[in-house]
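Below, read A as the first sequence line, B as the second, and so on, with proteins coming before strands; counting in each chain starts at 1.
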Amino acid sequence: MTLERWFRRKKPTKGDDDSSPVGLWLKCESCNAQIYRKDLVANLYVCPECQHHYQMPVDARLELLLDEGSFEQWSGHIQATDPLEFVDQEAYADKLKAAQEKHHRKDAIVTGSGLLNGLPVALSVMDFFFLGGSMGSVVGEEIARAVERAADEDRAFIAVTASGGARMQEGALSLMQMAKTTVALERLAEKHLPFISLLTDPTTGGTTASFATLGDIIIAEPKALICFAGPRVIQQTIKQELPEGFQRSEFLLEKGMLDDVLERSKLKDKFAAYIRLLSGKVPQVTLEAEHVATL
Amino acid sequence: MTLERWFRRKKPTKGDDDSSPVGLWLKCESCNAQIYRKDLVANLYVCPECQHHYQMPVDARLELLLDEGSFEQWSGHIQATDPLEFVDQEAYADKLKAAQEKHHRKDAIVTGSGLLNGLPVALSVMDFFFLGGSMGSVVGEEIARAVERAADEDRAFIAVTASGGARMQEGALSLMQMAKTTVALERLAEKHLPFISLLTDPTTGGTTASFATLGDIIIAEPKALICFAGPRVIQQTIKQELPEGFQRSEFLLEKGMLDDVLERSKLKDKFAAYIRLLSGKVPQVTLEAEHVATL
Amino acid sequence: MSLPFEKPIDDLEAKITDMRSYAEEQGIDLSEEIGLLERRLEQLKRDTFANITRWQRVQVARIAGRPTGLDYVANVFTDFEELHGDRTLGDDPALVTGLARLGEQTVIVMAQQKGRDTKENILRNFGMMHPSGYRKAMRMFDLADKFRLPIIAMVDTPGAYPGLSAEEQGQAWVISECIQRMSRLKVPAISLVIGEGGSGGALAIAVANRVLILENAIYSVISPESCAAIRWRDSSEAPQAAEALKLTAYDLLDLNVVDRVIDEPLGGAHKEVDATMAIVKSVLLQELGDLLKLDEVSLLEQRRARFRALGRFEEVLEAA
Amino acid sequence: MSLPFEKPIDDLEAKITDMRSYAEEQGIDLSEEIGLLERRLEQLKRDTFANITRWQRVQVARIAGRPTGLDYVANVFTDFEELHGDRTLGDDPALVTGLARLGEQTVIVMAQQKGRDTKENILRNFGMMHPSGYRKAMRMFDLADKFRLPIIAMVDTPGAYPGLSAEEQGQAWVISECIQRMSRLKVPAISLVIGEGGSGGALAIAVANRVLILENAIYSVISPESCAAIRWRDSSEAPQAAEALKLTAYDLLDLNVVDRVIDEPLGGAHKEVDATMAIVKSVLLQELGDLLKLDEVSLLEQRRARFRALGRFEEVLEAA
Ligand SMILES: [Zn+2]
Ligand SMILES: [Zn+2]
């Protein structure tokens with residue numbers, strides 16, 4: 001179901017308007033090649049021709065990162081309450097309800113536990129198709145709870161982000177989720193458990209400026225847009241064109257902001273390597289035995 | 001005596017060749033005005049016409065910063081041993097001996113304690129005229145001892161720097177003074193005592209890259225040259241002219257490296273203010289009484 | 001310096017002034033009439049400010065002549081010594097930082113500064129901080145911890161600077177780091193929103209033990225103009241957006257986003273600056289006094305718990 | 001890839017090779033003669049390296065083909081995962097950093113990397129780090145403390161980059177901060193000088209519990225060339241300057257600047273890379289094993305005391 005829904009979208013937009021028809025073929029938005037949709041899905045939503053990384057539905061992301069059948073969902077027990085009774089051209093309450101029904105989840109996030117190459121992990125995956133992956137009270141609380149439970153259960157934590165930023169329909173409460181998710185991470189740090197942040201296209205605004213950039217290791221998918229202020233806002237500020245590749249993963253790697261840019265197919269094994277290495281605490285026994293063996 | 005010796009020098013050079021004749025007048029190296037030497041001294045070695053800050057002899061510096069008669073010298077009980085038996089066109093041992101005789105001190109530094117507007121402080125003042133203020137084992141050890149004694153005696157510490165960098169005639173031992181002075185500062189930090197660093201013209205190389213830039217508050221005198229690599233070295237590297245004002249105090253303030261650039265005449269009162277403020281530890285009694293009074 | 005809705009007040013004030021000089025000129029006693037008008041003026045102010053819309057509140061928060069960060073630094077504190085630079089990237093004039101005394105206690109004060117005229121606006125980048133400003137704030141947090149000095153932060157910014165250089169230097173990274181660093185302070189921290197609390201750029205220096213706000217200040221996830229541009233596709237709908245965003249002081253108190261609203265003199269802080277300073281000083285002294293009773297661990301835990309608890313949601317029985 | 005003083009060795013090696021192929025071609029037995037020559041070769045190498053001047057040592061330390069930082073990373077460690085960036089200014093290719101295993105222990109490894117050909121030399125800026133490199137090192141120190149992972153740092157640099165941008169970004173400030181940060185590590189730290197230890201740019205990642213050096217590596221306050229230019233006013237006097245600076249491994253051991261010299265295979269590390277890697281690995285395993293027995297406080301105190309004690313001077317009776 002989720003994959004089918006994804007097919008209705010051709011390119012990343014606000015995430016609240018996906019009515020384009022389903023077809024068997026699509027034209028790659030990067031290289032213009034005609035791609036058979038099934039091939040794209042089989043290839044992890046990466047264009048087989050040009051390696052363009054499309055956005056990935058949450059279920060596919062969980063499948064990519066976790067060992068088969070190991071996922072146990074934690075999220076879904078809370079929902080938003082429209083604390084501001086926010087209305088613009090449409091009521092937030094209605095919009096939320098529509099999104100919940102369409103995407104079959106309570107909000108723009110899924111959290112849970114699983115095994116990654118046999119290693120116990122917890123993770124949060126944002127759903128960009130659900131109101132643009134925006135972070136309101138529920139997204140913030142789900143992340144905070146998942147991080148804390150990961151700490152309690154001695155699991156490494158992986159955050160997969162895809163978000164338009166804070167959810168403005170919950171006003172300052174959304175803003176506060178930046179601080180909430182940040183302080184929740186203290187629990188993980190106190191237990192010396194690794195936090196790997198995976199930034200995917202697009203990760204912007206309050207999400208980028210909070211937990212997403214606090215990973216012990218920060219990885220991005222190729223050519224993902226990752227920023228605080230979006231390109232349009234900056235263009236309005238500086239009144240000139242932005243340089244090619246600005247605010248994209250490769251640019252940020254060069255600017256020192258990322259540990260690496262990794263292709264989707266390599267993520268799982270790399271994450272396993274990081275987690276294993278970071279768990280290599282100083283052992284009580286010394287290495288003398290091996291030393292003797294080496295000499 | 002010290003002041004007279006200073007008069008033999010017209011402009012900062014290596015500090016080991018000061019044979020220019022003594023005169024009653026000098027031409028300001030900055031504004032070309034003819035200045036009566038006595039006026040310059042009376043004006044804290046600052047040109048009365050253009051405010052150019054000349055290098056200041058150690059004794060005058062102590063007089064500037066400390067309350068009259070309060071200085072107690074700590075340094076002078078150790079001397080260099082020429083551990084490398086270093087010889088270039090002249091033997092280091094001979095050069096050192098000549099400098100000691102000429103400047104009436106064991107090495108390029110004076111340390112001690114005193115009162116600054118009544119506040120107990122310790123300080124180290126480098127002597128640029130003694131082998132270019134270079135830091136060898138003795139300079140490093142004197143600074144380390146002074147910092148540690150300041151910590152023991154609950155004094156704020158002020159380091160006045162003027163140095164060509166590490167003393168190459170003591171080879172890697174000079175390099176190690178960068179680490180030695182740095183670790184000595186831990187004692188001060190552990191006691192929450194303030195360390196104010198005053199960078200004067202010129203402060204370069206290993207001195208800049210160690211204790212000098214570790215001040216809780218870093219102040220520079222106007223237009224002082226402060227750098228890691230000297231302008232000539234950089235010019236050789238990049239093969240082009242350096243921008244006007246590059247590596248000078250005002251430039252560094254703009255680059256975020258300094259807390260302020262202060263005229264010589266303001267230093268003492270400002271330092272007193274910093275020390276008083278930084279000593280304002282959280283008191284055990286609350287401020288309720290005052291609160292009531294204010295309402 | 002006046003907003004449209006303030007016009008009746010200004011008119012009445014002018015009338016009273018007129019009448020006073022007339023009475024003096026003519027040597028007649030109009031004190032009874034003037035007294036009556038003054039009571040009417042006070043009632044008019046009270047009614048006007050009791051009923052202003054959220055959008056009008058936004059305008060008061062931004063009005064020229066409203067006290068800026070540096071006004072509070074100069075009048076609420078004593079012995080201020082400015083400290084410059086982040087020791088990394090530069091010295092951001094949009095955030096003024098330094099040592100000062102609040103009563104007898106040394107504090108580290110930091111104030112986002114918008115500027116009081118066009119020249120200063122440009123110098124201060126309208127209070128929009130660059131990454132170097134947030135790094136300067138973090139340097140101050142380090143200094144505060146080392147010397148056990150409380151932090152007082154004055155918030156007044158449209159938001160972090162959304163420009164090319166800021167993005168290149170990792171604006172998002174430095175804001176998240178600043179939030180984390182402030183949450184880890186071992187000393188008391190008070191943030192006071194004095195004008196405009198704009199989004200993450202404001203929050204970065206507002207992860208405090210106590211978050212206070214002036215009556216006519218605002219604090220929002222997005223500016224009403226930007227919100228209107230996105231949600232109404234028309235930035236002139238800003239008044240509606242302001243209404244929807246619930247960004248006024250008492251709205252935020254209801255949401256627990258702020259802990260206390262400091263009432264301004266009648267007519268707003270810009271009408272009676274001295275009185276505003278006195279009120280703010282007394283509140284800060286009292287709040288700081290309370291926090292100074294807590295030890296390091298309690299301060300840390302209280303701050304963490306405060307922000308961990310924010311947000312509104314409901315538990316549901318069935319998972320989805 | 002050979003230095004002038006190595007010529008007799010190279011010639012003899014060539015002669016032996018010649019004789020071997022001649023014997024094979026002609027089908028005659030020259031094994032006795034060859035054996036004799038091989039013994040002479042070994043003796044020649046021994047004599048040559050026992051008597052090389054300090055300047056020749058400098059040349060060996062810099063010779064093309066000598067193993068670089070990345071060679072050690074690849075051959076001494078396993079499971080290396082490179083981590084990039086300082087999260088502030090950039091990602092400096094002159095310092096390679098990452099997670100790896102040394103035996104069974106995860107460590108954070110960092111290596112100054114000069115490059116193995118012209119292209120890499122340029123990419124790596126000849127091993128001369130920018131401020132972003134030192135900030136990357138400090139980020140690694142933070143990671144090491146957080147996850148309690150020992151630090152192994154390979155030193156090989158002519159010095160910190162003396163350029164315009166480096167000065168603008170506070171090269172001196174970041175080096176002093178790096179020295180301080182490394183001195184505060186709560187985990188074991190070992191630095192190994194593998195080639196050229198150039199001044200403050202090297203020291204910044206060598207404030208370790210144990211400072212090791214390869215037999216033909218050097219570690220100096222200034223390069224012989226620069227020293228000659230300043231003290232002799234002629235950089236071609238570098239050989240004399242090298243002599244005066246006492247910058248070889250055993251000189252430094254005498255001065256307590258390094259704790260241990262690792263002997264290289266006869267003829268230098270570049271002649272037998274595999275053997276060099278094996279020796280370095282076994283030494284690092286042993287040294288790390290020793291340090292892992294110490295607790296956090298002991299590690300800190302030992303490191304601090306080590307550097308506090310460095311320097312040579314004598315006490316005098318009368319003060320001056
Ligand atoms: Zn394609
Ligand atoms: Zn002059």
Glu254(B) atom CD, neighbour heavy-atom count above 12 within 6.0 Å
no

With only heavy atoms counted, which part of Ile219(B) is less than 4.5 Å from chain C, the side chain, the backbone, both or neither?
neither

Taking the side chain as everything from C-beta on, heavy atoms only, tell me whether Glu81(C) gets closer than 4.5 Å to Arg276(B).
no

Glu244(B) CD: over 12 foreign heavy atoms closer than 6.0 Å
no

Tell me, which pairs form a salt bridge (Lys or Arg N to Asp or Glu O under 4.0 Å) where one or both residues lie in residues 183-193 of chain C, sequence neighbours left out?
Glu186(A)-Arg184(C)

Considering heavy atoms only, which positions within residues 261-272 of chain B lie below 4.5 Å of chain C?
Lys270(B)

Identify, with sequence neighbours excluded, every residue that meets salt bridge (charged side-chain N to carboxylate O under 4.0 Å, His left out) alongside Glu63(B).
none

Please indicate whether Asp274(C) has more than 12 foreign heavy atoms, meaning atoms of other residues, nucleotides or ligands, lying under 6.0 Å from its CG.
no

Heavy-atom contact with chain C under 4.5 Å, split by part of Leu252(B)
neither

Part of Leu258(B) lying under 4.5 Å from any heavy atom of chain C
backbone

Please list, in residue-number order, every residue in residues 131-146 of chain C that has a heavy atom less than 4.5 Å from any heavy atom of chain B; write 'none' if there are none.
Arg139(C), Leu143(C), Lys146(C)

Counting heavy-atom pairs under 4.5 angstrom with chain C, the leader among Asp260(B), Ile218(B), Thr213(B), Asp216(B) is Asp216(B)

For the student: nearest non-hydrogen atoms of Leu278(B) and Leu99(C), plus distance:
CD2-CD2, 3.8 Å

Taking the side chain as C-beta and beyond, is there a heavy-atom pair between Leu83(C) and Ile217(B) under 4.5 Å?
yes

Correct closest heavy-atom pair for Met257(B) and Thr88(C) would be CE-O, 3.7 Å

